[in-house]
Structures are given as C-alpha cells and as structure tokens.
Amino acid sequence: MVSNDDVVRTLERVADLLEIKGENVYNVRAYRSAASQVENIGEPLADIAAREGGLLDLPGFGPAIAEKVGDLLQSGRMGFLEQLETDIPPTLLELREIPGVGPRTAAVLWHEAGITTVDELEAAIRGGRLGGLPRLGAKTLERIAASLDERHTHGVKQRRPRADVEPIATALVDALRVMPEACAVEPAGSFRRGRADLGDLDIVVATGEPRQVLVAFGALPQVERVLLRGDTKCSVHVAFRFQVDCRAVAPHEFGAAMQYFTGSQAHNVQLRGRALRMGLTLNEYGVFRVDGGERIAGDTEESVYAALGLSWIPPEQRDDRAAVTR
DNA sequence: TTAGTATT
DNA sequence: CATAATACTAAA
C-alpha cells in the first residue's frame, strides 16, 4: 500500500534529481508543485485514482505526472525515478545537505571531479585535488571544508521540539522588549505559525537604532556564539547550537517584516503572486504599486492583507492552503 | 556583472 | 506556457 507520504517523498526525490541533472526549472517545479498538492490532500490518492477523472482532477497533475504516480500507486514503483537513479547517483542528494553546496555545485563535483559521496568530497578536499574547478574557488572550498568539520563535531543540523525552544524564545523576546530602543518585538517564522518542530527561530524588532539593538542582542547571556552581525540582522547560536536570527526593521515597516518573516514560504509566494495580479508588489518593506512605486501599506500586518483585498490570516493558517488566490 | 545559495 | 522577492558572497 503506497501512502500519500510515499508519493510526496517520491515526487520530491524526482524533483531533486532532475535539478542536479540540470533539467529546466519549470519541469522541476512541476514535480515540487504536485508533491505539495498531495501533502494537502486528506484522502488516499488510490481512492482518487480509482474514480472518474482520476489523478488528472488534482491541481498540478497533468498527463505526465498522473501517469507516473499511477504507476507508483499500482506497483509500488516508479520507472521514471528508477531510470533517473541510474543516470544520476542518488548519493549526490546527500552532498546537497552540506551548507554551501546546492544543486549546481553538486553537479560540478560529479561531472568535473567524479565525486558522488560526502566521503569522496572530504577526501578530495583534504587531498587538495579540487583546485581549478569552475566556480569552485578557494573561498568556496574553505567554506565547504568548514561545513564538513561542523558536520563531524556536531552532526547534521537537526530540528528541535517546540518545548525545547519555547523557554529560550520567551527569554530572548523579553530581554529585547526591555531595551528602550526597541519599539516592538515579536517572534516570527515557524514558531509564530505554531509548528511543533523548529529548524531555527526568527525574532523581529522594530527600532530606530538597529545597530545598538543587534549588538545588545548578541551580548545576551543566552547567546553562546555570534555567527554574524550586520546592520539588519544578527544570527547567533543558543543552547543545543540552535540558531536564532534577530532582524531589526524600521518601525513603519514592522507589519510587512512580520508578514514576510512569518511565512510560510508557500504563503508568501501566493501573496506576492496575488499582489502582482493586482498591479502591486509585496516585499518585506511594504506593499507598493508596480507603476510609480508608491507605498500603500506595510505599517501593520492587517494593512498588508487589506491592501491585497484580504482579511488578516492567522499565522497557523499561513500555508499553501490559505485562501489567497483568485 | 553574473552565478549560486540561502531565506521567508 | 510556467510561483515571489531579496540579500549576500564569491567567481569571472
């Protein structure tokens, strides 16, 4: 019995391999989009496939993907994926998990250096035989080496249960709120959306003195290490080497910044697509008219949604099912 | 100036 | 024909 989750994982694997293969972005996107549709369906795909219209009724499913998923549901296998896996070593997918190595770099390592596994990459870097590859300069190799070291000492970066993050989030937010320069402080990201597992924590601070606030943030007692600090953002590690990003924004941009940093990514893409269809553009600084560039919203989250003709959507519902299209 | 990666 | 926008770094 092939579950919907199995289908999602298979489609995503196909997309990842196609991406390394260098397939055109729309083709890759089609598989990702089909996967995300399946994620949001409560009903077993096998039932949908069995009735009239079948899988073609699903948004994001055309004849090509419907046929391949049909194979998978019937036989538990997808010939197309198996063929891809013979063309492209699937171990390349593990390379992509190294920070700084994306699909293009994985492809270069494979084609130009015959590297298909993390171990081979490590050996090649230590042996200094990765010089002169296209787009792989000294700095980039250094960064990859550092990522590999981090992987050895601390393992692969893992998500934390919400209960682990909650106390530290509260402490950091409270500490920021005490600062006189901070006009408003709110956690954003997946934390604000109420997710159970968190990859990192985003905190947005409205302030007229970003530098002061970010320096003070980096000096808080909960902070174990400052990863980077600029004029708009300070990234740190707290306990468990959990990453927290503090973002300083101008007070009148707080609403747009909260909207952007709360996400989800899929939700932001939908909102921005809707904005374009209305002759508007949305970014983390506000809502603007495409022609003229006049700013029409962004002080508050409500104003952002209102400018797009929507009522405010609770963060918990900001996924790709939120009704923002049309 | 362009490419690639990362971020929501 | 086809889902957004921005920031940053390194390479060329």
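Computed from heavy atoms alone, side chains included, the values below leave out hydrogens, waters and symmetry copies. Residue numbers begin at 1 in each chain, while the letters A, B, ... track the order of the sequences.
In this model, the phosphate group of C:dA5 is approached by a side-chain N or O of A:Thr281 to a distance below 4.0 Å at OP1 or OP2.
A:Glu142 has its CD atom 12 Å from the C1' atom of C:dA10, to the nearest Å.
Among the atoms of the strands shown, only primed sugar atoms or phosphate atoms (P, OP1, OP2) are found under 4.0 Å from some heavy atom of A:Leu282.
Under 3.5 Å, the side chains of A:Glu181 and A:Gln212 contain a donor-acceptor pair of N or O atoms. With 3.5 Å as the limit, one finds no donor-acceptor pair spanning the side chains of A:His267 and A:Gln317.
Residues from residues 8-28 of chain A with heavy atoms under 4.0 angstrom of DNA chain B: there are none. Remark: A:Pro103, A:Arg104, A:Thr105 in residues 103-131 of chain A come within less than 4.0 Å of DNA chain B through at least one heavy atom. Within residues 234-270 of chain A, the residues approaching DNA chain C are A:Gln265, A:Val269, by heavy-atom distance under 4.0 Å.
Taking every side-chain heavy atom of A:Arg29 into account, C:dT3 is the closest of C:dT3, C:dT6, C:dA4. Comparing C:dA4, C:dA11, C:dT6 by their nearest atom to the side chain of A:Arg272 picks out C:dA4. Nearest to the side-chain atoms of A:Arg143 among the listed nucleotides C:dA7, B:dA6, C:dA11 stands B:dA6.
Taking the side chain to side chain contact (heavy atoms under 4.5 Å, CB included) definition, one finds that A:Asp47 meets it with A:Glu43, A:Pro44, sequence neighbours left out. Residues forming a side chain to side chain contact (heavy atoms under 4.5 Å, CB included) with A:Pro210 (at least two apart in sequence, or on another chain): A:Thr207, A:Ala248. Listed by chain and residue number, A:His252, A:Glu253 satisfy the side chain to side chain contact (heavy atoms under 4.5 Å, CB included) test with A:Ala250 (two or more places apart in sequence, or in another chain).
Of the possible donor and acceptor atoms, none in the side chain of A:Asp202 sits under 3.5 Å from a partner among the backbone N and O of A:Asp245.
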